[in-house]
Amino acid sequence: MCSLEQRNNLFFLTLTGDDEHRFGPTLMDSIRSALAQVKSQATPGSVLITTTHEQFFSNGLDLAWAQAAGAPSFRDRLSHLLDCFKPIVVDLLSLPMPTIAAVSGHAATNRFMVAISHDYVLMKKERCVLYMSELDIGLTLL
């Protein structure tokens, strides 16, 4: 899941939990809800900072959720994940404030795209990785 905290003009969107923050329908709905709240409460000087407290900023889409339906429905569920993901990028790009992705660990796949959808990306020097493994196998996300 995620949490949203406001401190004066700063909004902190934090991915919570002890997993790899894989993007499944529940997490993506939670993020979109938080971004809508940020947008509705924004004032001049507001800033959004997206972060996590774990090693993984996110390790991509929740493929285990997609595969749980079995082979015939895998493609449908994967398509559903992508359809749920795209509006998050749009929401981030359209926020009326500067946005900062504070990447504290691995940001793979769609989370790489979320990170670069912010105005600024901050990372630690060690043990942080941005990567798009889908490019290696020719998979398109958009």
Side-chain angles (χ1 to χ4, degrees), residues 1-43 46-142:
M1 288 306 116
C2 70
S3 66
L4 181 64
E5 178 185 352
Q6 183 178 0
R7 294 185 216 150
N8 298 318
N9 285 343
L10 297 178
F11 291 90
F12 293 89
L13 176 62
T14 305
L15 298 180
T16 59
D18 58 359
D19 57 6
E20 296 178 355
H21 309 295
R22 292 191 181 269
F23 274 43
T26 305
L27 176 58
M28 288 191 277
D29 288 345
S30 179
I31 291 171
R32 290 214 61 214
S33 177
L35 292 175
Q37 185 177 345
V38 168
K39 189 171 187 173
S40 72
Q41 296 177 3
T43 59
S46 292
V47 175
L48 171 69
I49 301 170
T50 305
T51 190
T52 181
H53 297 296
E54 301 299 325
Q55 173 186 359
F56 292 95
F57 190 64
S58 175
N59 216 8
L61 294 172
D62 190 351
L63 296 179
W65 176 84
Q67 291 171 332
S73 299
F74 173 74
R75 272 201 171 302
D76 292 337
R77 280 191 165 201
L78 183 59
S79 179
H80 177 71
L81 289 176
L82 295 174
D83 289 343
C84 291
F85 169 71
K86 293 172 190 177
I88 292 173
V89 172
V90 172
D91 290 346
L92 282 167
L93 292 172
S94 64
L95 282 174
M97 65 183 69
T99 58
I100 301 167
V103 179
S104 58
H106 296 67
T109 318
N110 64 315
R111 197 60 184 147
F112 170 86
M113 293 173 62
V114 168
I116 65 171
S117 295
H118 288 74
D119 298 309
Y120 302 94
V121 178
L122 301 175
M123 296 175 64
K124 298 186 298 185
K125 287 183 181 181
E126 58 279 335
R127 298 192 309 191
C128 283
V129 178
L130 294 175
Y131 62 99
M132 288 287 296
S133 57
E134 291 77 2
L135 295 176
D136 293 336
I137 61 172
L139 181 66
T140 60
L141 291 178
L142 297 177

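Keep in mind it's a predicted model, so treat the numbers as computed, not measured.
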Residues which pass side-chain contact (heavy atoms from CB on, under 4.5 Å) with Leu93, listed by chain and number, not counting sequence neighbours: Val89, Ser117
Which heavy atom of Ala102 sits nearest a heavy atom of Ile49, and at what distance? CB-CG2, 4.3 Å
Just wondering, do Leu81 and Met28 contact through their side chains at under 4.5 Å, heavy atoms? yes
Please lay out, stage by stage, how Glu5 and Thr14 fare under the test side chain to side chain contact (heavy atoms under 4.5 Å, CB included). CA-CA 8 Å; Glu5 178 185 352; Thr14 305; over 6 Å; no
Applying salt bridge (charged side-chain N to carboxylate O under 4.0 Å, His left out), name anything that partners Arg75, two or more places apart in sequence or on another chain. none
Flag the pair Ile31 / Leu15 as yes when at least one side-chain heavy-atom distance between them is below 4.5 Å, and no otherwise. yes
Can you label the angle between the His80 ring and the Trp65 ring as parallel, tilted or perpendicular, going by 30° and 60°? tilted
Going by the rule side-chain contact (heavy atoms from CB on, under 4.5 Å), which residues pair with Asn9 if we only count those two or more places apart in sequence or in a different chain? Thr43, Ser46
How close do Leu48 and Met97 get, counting heavy atoms only, and between which atoms? N-SD, 3.6 Å
Filter on salt bridge (Lys or Arg N to Asp or Glu O under 4.0 Å), then keep only pairs touching residues 26-42, sequence neighbours left out; what's left? Arg32-Asp91
Sub-4.5 Å side-chain heavy-atom contact between Thr26 and Met1: yes
Suppose we screen for side-chain hydrogen bond (donor to acceptor under 3.5 Å, both in side chains). Which residues come up paired with Thr99, at least two apart in sequence or across chains? Asp119
Neighbour count above 12 (heavy atom, 6.0 Å) for Tyr120 OH: no
Applying side-chain hydrogen bond (donor to acceptor under 3.5 Å, both in side chains) to Ser94 and not counting sequence neighbours gives none
Results of side-chain contact (heavy atoms from CB on, under 4.5 Å) for Ser79 - residues two or more places apart only: Asp83
Is there a side-chain contact between Val38 and Leu13 (heavy atoms, below 4.5 Å)? no
Compare every heavy atom of Leu27 with every heavy atom of Cys2, then report the nearest pair and how far apart it is. N-CD1, 4.3 Å
Hey, does Phe11 have a side-chain heavy atom less than 4.5 Å from the side chain of Leu4? yes
Can you list everything that forms a side-chain hydrogen bond (donor to acceptor under 3.5 Å, both in side chains) with Ser30? Sequence neighbours excluded, please. none
Sorted by chain and number, sequence neighbours left out, side-chain contact (heavy atoms from CB on, under 4.5 Å) with Leu63 holds for Leu61, Leu78
Apply side-chain hydrogen bond (donor to acceptor under 3.5 Å, both in side chains) to Gln67 and list each qualifying residue two or more places apart in sequence or on a separate chain. none
